[in-house]
Amino acid sequence: MANPALAHALAHALTAAAHGFRVIPLTRAKLPAVRSPHHHDPAPLPCHGECGRLGHGVHDASADPEAIRALFAAAPWATGYGIACGCAPHHLIGVDLDLTSGRAGDPQGAGGASGTDDRVGKPGTSDLEKPRANGARMPGTSDPGRPGTRRTTCRKDRTDGLAALARLAREHAFAIPRTVTVLTPTGGRHLWLCGPPGLTVPNSAGRLAPGIDIRGLGGYLVGPGSYGSRGSYRLAPGSPAWAPAPAPPALLRLLTPPPPPRAYRPGPPSPEPCPAALAGLVRFVRASRQGQRNDRLFWAACRAYETGAGPELAPALIEAALDTGLPPREARATVTSAARSAARHLQPPETWA
């Protein structure tokens, strides 16, 4: 059966290329659609297209119309297209803003290299809570009006990438520019920004704050006009079409990785395992209100691990989070996630690709 989305995606991809963006075809799962030519190799070597064949993911990205048509011809199952980040002339930086409702079992951002998974519909409700036409309720829920029943769903802190970005903008004194904004099928959004030539922005997931993923060199964003398994990607009303705004310098400083950490040299134990500067992180977590506890704990733990004080400070951060009412298991998981994120971020540049 012919793929009706193929021609639609190809047309949008060619339009993007006409504006200088390099593109690749994507599957419904938002993955590169052209299969790797090396998947049958007994011991495949790293190849970014040097073999001359198609199927190297974002390394295939092109703004040449003939090359794009060849890519789509090699992937007739494609339903969308990806826009490569970090490439001239735009040096695109993607800010992927996730949104979750805060209810256990709701889909989280299925980011990979590009996507977000967010909620749609009436705020504060889900299909599990909506009564059926005959008055019955979906399995796994209870009637709040009937005594003796209990709810089997539970609440988690809500993740709102847009609100987290607004907080960062206030804290670091920069304005979020009006720029190309793509709405995801489930309510999230991708902001497109231009970076300066010569600056390499690495990909990251949740490093700036929970709900904010960054797409830099080696990453891609799902282009408007694409179809995914959850629906279509489209430009936000009133959004500029193909003209990303320059990234604010203060935001660029947050996105630029610090130099590799110095080699650890054992020495005498510190007489003050929690210096005054790090004690401020504990106070920051302890001052969290409901709805921001995960965000604040993750941010503070990332900063602690980035300075090398994470192992010593983690117990104090977890204790502060417990004081705010965060469940122990959730607090420990958040700190563990922050440690992994910081470790990935502090790797030398040659390991980012």
Side-chain angles (χ1 to χ4, degrees), residues 3-39 44 46-96 110-116 180 182 184-185 190-195 200-205 213-235 241-242 244 352-353:
N3 173 11
L6 181 67
H8 181 84
L10 174 58
H12 280 273
L14 290 171
T15 300
H19 289 84
F21 295 96
R22 303 184 192 183
V23 301
I24 55 171
L26 298 180
T27 67
R28 288 172 56 85
K30 302 178 291 186
L31 298 174
V34 181
R35 296 188 177 111
S36 170
H38 305 293
H39 66 280
C47 180
H48 293 164
E50 295 85 356
C51 67
R53 293 176 288 178
L54 300 178
H56 298 86
V58 74
H59 302 287
D60 289 340
S62 176
D64 177 69
E66 291 308 313
I68 294 168
R69 290 188 178 95
L71 283 167
F72 275 81
W77 46 84
T79 62
Y81 67 102
I83 296 182
C85 296
C87 302
H90 299 285
H91 305 283
L92 185 65
I93 300 169
V95 182
D96 182 351
S114 59
T116 59
V180 180
V182 176
T184 70
H190 299 160
L191 307 185
W192 297 15
L193 299 171
C194 285
T200 298
V201 173
N203 296 285
S204 64
D213 297 342
I214 301 298
R215 306 300 170 209
L217 185 64
Y220 59 84
L221 292 169
V222 179
S226 297
Y227 290 104
S229 59
R230 292 183 175 273
S232 63
Y233 290 74
R234 65 191 190 282
L235 283 174
W242 301 106
W352 293 338

Has [X] got a side-chain atom pairing as donor or acceptor with [Y]'s backbone, closer than 3.5 angstrom?
X: H12; Y: G223; result: no
X: T15; Y: A11; result: yes
X: D60; Y: L71; result: no
X: T79; Y: Y227; result: yes
X: S226; Y: Y81; result: yes
X: H90; Y: H19; result: yes

Criterion side chain to side chain contact (heavy atoms under 4.5 Å, CB included) on L92 and L221, from CA distance to verdict:
CA-CA 10 Å; L92 185 65; L221 292 169; 4.2 Å; yes
Can you name the closest pair of heavy atoms from [X] and [Y] and give their distance?
X: N3; Y: A78; value: ND2-O, 2.6 Å
X: C51; Y: C47; value: N-SG, 3.6 Å
X: A16; Y: I83; value: CB-CD1, 4.3 Å
X: H56; Y: P37; value: CE1-CG, 3.8 Å
X: A67; Y: S62; value: CB-OG, 3.5 Å
X: A84; Y: V58; value: CB-CG2, 3.7 Å

So do the side chains of P244 and L193 get within less than 4.5 Å of each other, counting heavy atoms only?
no
Are V222 and V182 close enough that some pair of their side-chain heavy atoms sits under 4.5 Å apart?
no
Should the ring pair F21 and W242 be called parallel, tilted or perpendicular, given that the plane angle runs from 0 to 90° and is split at 30 and 60?
tilted
Listing request: all salt bridge (Lys or Arg N to Asp or Glu O under 4.0 Å) pairs with a residue in residues 66-79, at least two apart in sequence or in separate chains.
E66-R69
Cation-pi check, R35 onto W77 ring (under 6.0 Å, within 45° of axis)
yes
Report the C-alpha separation of R215 and H190 in whole Å, then their side-chain angles, then the decisive distance to 0.1 Å, and conclude whether the side chain to side chain contact (heavy atoms under 4.5 Å, CB included) test is met.
CA-CA 10 Å; R215 306 300 170 209; H190 299 160; over 6 Å; no
